[in-house]
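Below: one structure, written as structure tokens.
Residue numbers begin at 1 in each chain, while the letters A, B, ... track the order of the sequences.
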Number of protein chains: 2
Amino acid sequence: METKQHPLLIQILSRGFDPGNEFEDFLSFWKPAEFKKGEHLLRQGEVARFTVFVLSGCLRQYSVNENGQEQIIYFAEENWFAGDLQSMRSRVASNLNLQALENCSVLTINKTNAELVLERFPWWAQLQLAGHQRWMAKLQQQVGQSMIDSAETKYLRLLKDRPKLLQRVPQYQIASFLGISPEALSRIRKKLYTF
Amino acid sequence: METKQHPLLIQILSRGFDPGNEFEDFLSFWKPAEFKKGEHLLRQGEVARFTVFVLSGCLRQYSVNENGQEQIIYFAEENWFAGDLQSMRSRVASNLNLQALENCSVLTINKTNAELVLERFPWWAQLQLAGHQRWMAKLQQQVGQSMIDSAETKYLRLLKDRPKLLQRVPQYQIASFLGISPEALSRIRKKLYTF
DNA sequence: CCGGTTTCTTGATCCAGATCAACGAACAGC
DNA sequence: GCTGTTCGTTGATCTGGATCAAGAAACCGG
């Protein structure tokens, strides 16, 4: 892959940070990996051994509560990061599952290298910090919205925010992500598309 | 206040980081401030000018959606940090409100100083990073639980996690935090305490 | 191209919790 | 200590969405 247009570099630049000529060096800390549809990158109870940057494919992150109900927390598509940083960093058991929904090609980075790049590349530490802040803000918003908004509102918001996601992920998984039943989602769509 | 037992120092140590003899220097970047019950530290639409560490009192962070409904997102009691880092850092309008629920005594830090201490005190940068990771994990869990769990389950969890909070905050605010109506909360408590 | 599995739709029923309304209880300010 | 206001309880009613059940469609692998 031509370094100049590597997806990870594009992502870094688009967030307003510039690795200058260090990108190739930086990239050497990441290891490519492939996962087949259905494979797990991480299971609840394990310690996360790496986090990933998605080159192609789609992952779902979900957890299973005491009653055995699955709850999808988010979908990572191309150019998203995914994993359990907390678990990887502190070597504690994760309570997340990370599964490939399609055949996936990713870059992985382990604990050692993650710590090295943080020290070695200040622009990366900055990007990480900014990314966390953005993500925390988004999560907080989501907490509020998930409690207040109706199922329909949540669906419409998702449709607006991530229209492509709805094309590639089965409907019952979208329902789980929205925190509603598949039947409810089916009815919402029927209602929306018949008027 | 005797530096050795400053609440902020205690908090830092309890998270496994050691400022050594730098704490006094570090502390000089924070400015004490007082807020009266009901006062706002930050309003939706403003750019956050500082973030805070709570010495005494209790704050609520909430947002108001398009329909004018208030949603409490969290309560910051003693030894909690609060504020909108994203807004402060990027100088963008916040969509959070931060209000004193009691007379509060806090330490504030502004953008400039926040950036300085990050550069100057590596242990602080580490603590910040770890804190963010922990907080993101907690928020993700909360997103999942808020969608799946019944009102009663959520109340019991809060009762277990933050028993003292329920003593000091009016019930209708707890209800808002849990995403249920005050009436519903009243009924849940009645049911729990009559059996 | 066929039989099996997985996903989506539709209908019927049920219930947690919202909403509306009205009344006690606690509390703050004078 | 009285009085207005904010807060909590209780009752009655309504509804969004869950759950259960059973077809219909789509999507395989051989």
Side-chain angles (χ1 to χ4, degrees), chain A residues 36-39 58 60 62 64-72 75 99-103 143-159 165-195, chain B residues 36-39 58 60 62 64-72 75 99-103 143-159 165-195:
Chain A
K36 291 249 169 62
K37 176 172 179 171
E39 262 188 283
C58 183
R60 69 193 256 252
Y62 68 100
V64 181
N65 70 7
E66 318 79 55
N67 317 325
Q69 301 173 72
E70 267 187 22
Q71 171 67 44
I72 296 183
F75 295 103
Q99 185 187 31
L101 289 178
E102 310 167 357
N103 294 336
V143 169
Q145 290 170 344
S146 69
M147 291 196 293
I148 282 193
D149 294 342
S150 71
E152 184 174 325
T153 305
K154 287 191 271 185
Y155 174 70
L156 286 172
R157 195 199 321 286
L158 186 62
L159 191 59
L165 184 67
L166 305 189
Q167 313 285 92
R168 77 196 292 187
V169 173
Q171 218 166 289
Y172 71 97
Q173 304 231 27
I174 298 291
S176 164
F177 181 57
L178 294 175
I180 64 180
S181 68
E183 293 95 328
L185 180 53
S186 175
R187 288 187 179 107
I188 287 168
R189 302 191 55 197
K190 184 185 181 187
K191 187 191 147 213
L192 290 173
Y193 297 130
T194 27
F195 296 116
Chain B
K36 291 250 169 59
K37 176 172 178 171
E39 263 188 281
C58 183
R60 69 193 256 252
Y62 68 99
V64 181
N65 71 8
E66 317 78 56
N67 316 325
Q69 302 172 73
E70 268 187 20
Q71 172 67 43
I72 296 183
F75 295 104
Q99 185 187 30
L101 288 179
E102 311 167 357
N103 293 336
V143 169
Q145 290 169 344
S146 70
M147 290 196 294
I148 282 193
D149 292 343
S150 71
E152 184 175 326
T153 305
K154 287 191 269 185
Y155 174 70
L156 287 173
R157 194 198 321 285
L158 186 62
L159 191 59
L165 184 67
L166 305 190
Q167 313 285 91
R168 79 196 291 186
V169 173
Q171 217 165 288
Y172 71 96
Q173 304 231 27
I174 298 291
S176 163
F177 180 58
L178 294 174
I180 64 181
S181 69
E183 294 95 328
L185 180 53
S186 176
R187 288 185 180 108
I188 287 168
R189 302 192 56 198
K190 183 184 181 190
K191 189 192 145 212
L192 290 173
Y193 298 131
T194 25
F195 297 116

Remember a base hit wins even if backbone is also touched, and classify A/Glu152 as base, sugar-phosphate or nothing at under 4.0 Å, heavy atoms.
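Here A/Glu152 touches no strand at all.
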Check every atom of [options] against the side chain of [X] and return the nucleotide holding the closest atom.
| X | options | result |
| --- | --- | --- |
| B/Arg187 | C/dA12, D/dT10, C/dT9 | D/dT10 |
| A/Tyr172 | C/dG11, C/dA18, C/dC8 | C/dC8 |
| A/Ser181 | D/dT19, D/dC7, C/dC8 | D/dT19 |
| B/Ile180 | D/dG11, C/dC8, C/dA18 | C/dA18 |
| A/Gln171 | D/dG17, C/dT9, C/dT7 | C/dT9 |
| A/Ala184 | C/dC8, D/dC7, D/dA18 | D/dA18 |

Side chains of [X] and [Y]: closer than 4.5 Å at any heavy-atom pair?
| X | Y | answer |
| --- | --- | --- |
| B/Tyr62 | B/Gln173 | no |
| A/Asn67 | B/Ile148 | no |
| A/Phe75 | A/Arg60 | yes |

Less than 4.0 angstrom between a side-chain N/O of A/Lys190 and OP1 or OP2 of C/dT9, yes or no?
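The answer is no; no side-chain N or O of A/Lys190 sits under 4.0 Å from OP1 or OP2.
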Can a donor-acceptor pair under 3.5 Å be found between the side-chain atoms of B/Glu183 and the base atoms of C/dC20?
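When only heavy-atom distances are counted, B/Glu183 does reach the base of C/dC20 through a donor-acceptor pair under 3.5 Å.
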Taking [atom1] from [X] and [atom2] from [N], how many angstroms apart are they, rounded to a whole number?
| X | N | atom1 | atom2 | answer |
| --- | --- | --- | --- | --- |
| B/Ile188 | D/dG8 | CD1 | P | 14 Å |
| A/Lys191 | D/dG17 | NZ | C1' | 13 Å |
| B/Leu178 | C/dA18 | CG | C1' | 15 Å |
| A/Lys154 | D/dG16 | NZ | P | 15 Å |
| A/Asn67 | D/dT19 | CG | P | 11 Å |
| A/Leu101 | C/dT6 | CG | C1' | 15 Å |
| B/Ile174 | D/dG8 | CD1 | C1' | 14 Å |
| A/Leu185 | D/dA18 | CG | P | 10 Å |

Determine the sole option in B/Lys37, B/Arg168, B/Lys36 for which the salt bridge (Lys or Arg N to Asp or Glu O under 4.0 Å) test with B/Glu102 is passed.
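With B/Glu102 as partner, salt bridge (Lys or Arg N to Asp or Glu O under 4.0 Å) holds for just one option, B/Arg168.
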For A/Gln99, is there any backbone N or O sitting under 3.5 Å from a side-chain donor or acceptor partner on A/Glu39?
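No, A/Glu39 side chain to A/Gln99 backbone: no donor-acceptor pair under 3.5 Å.
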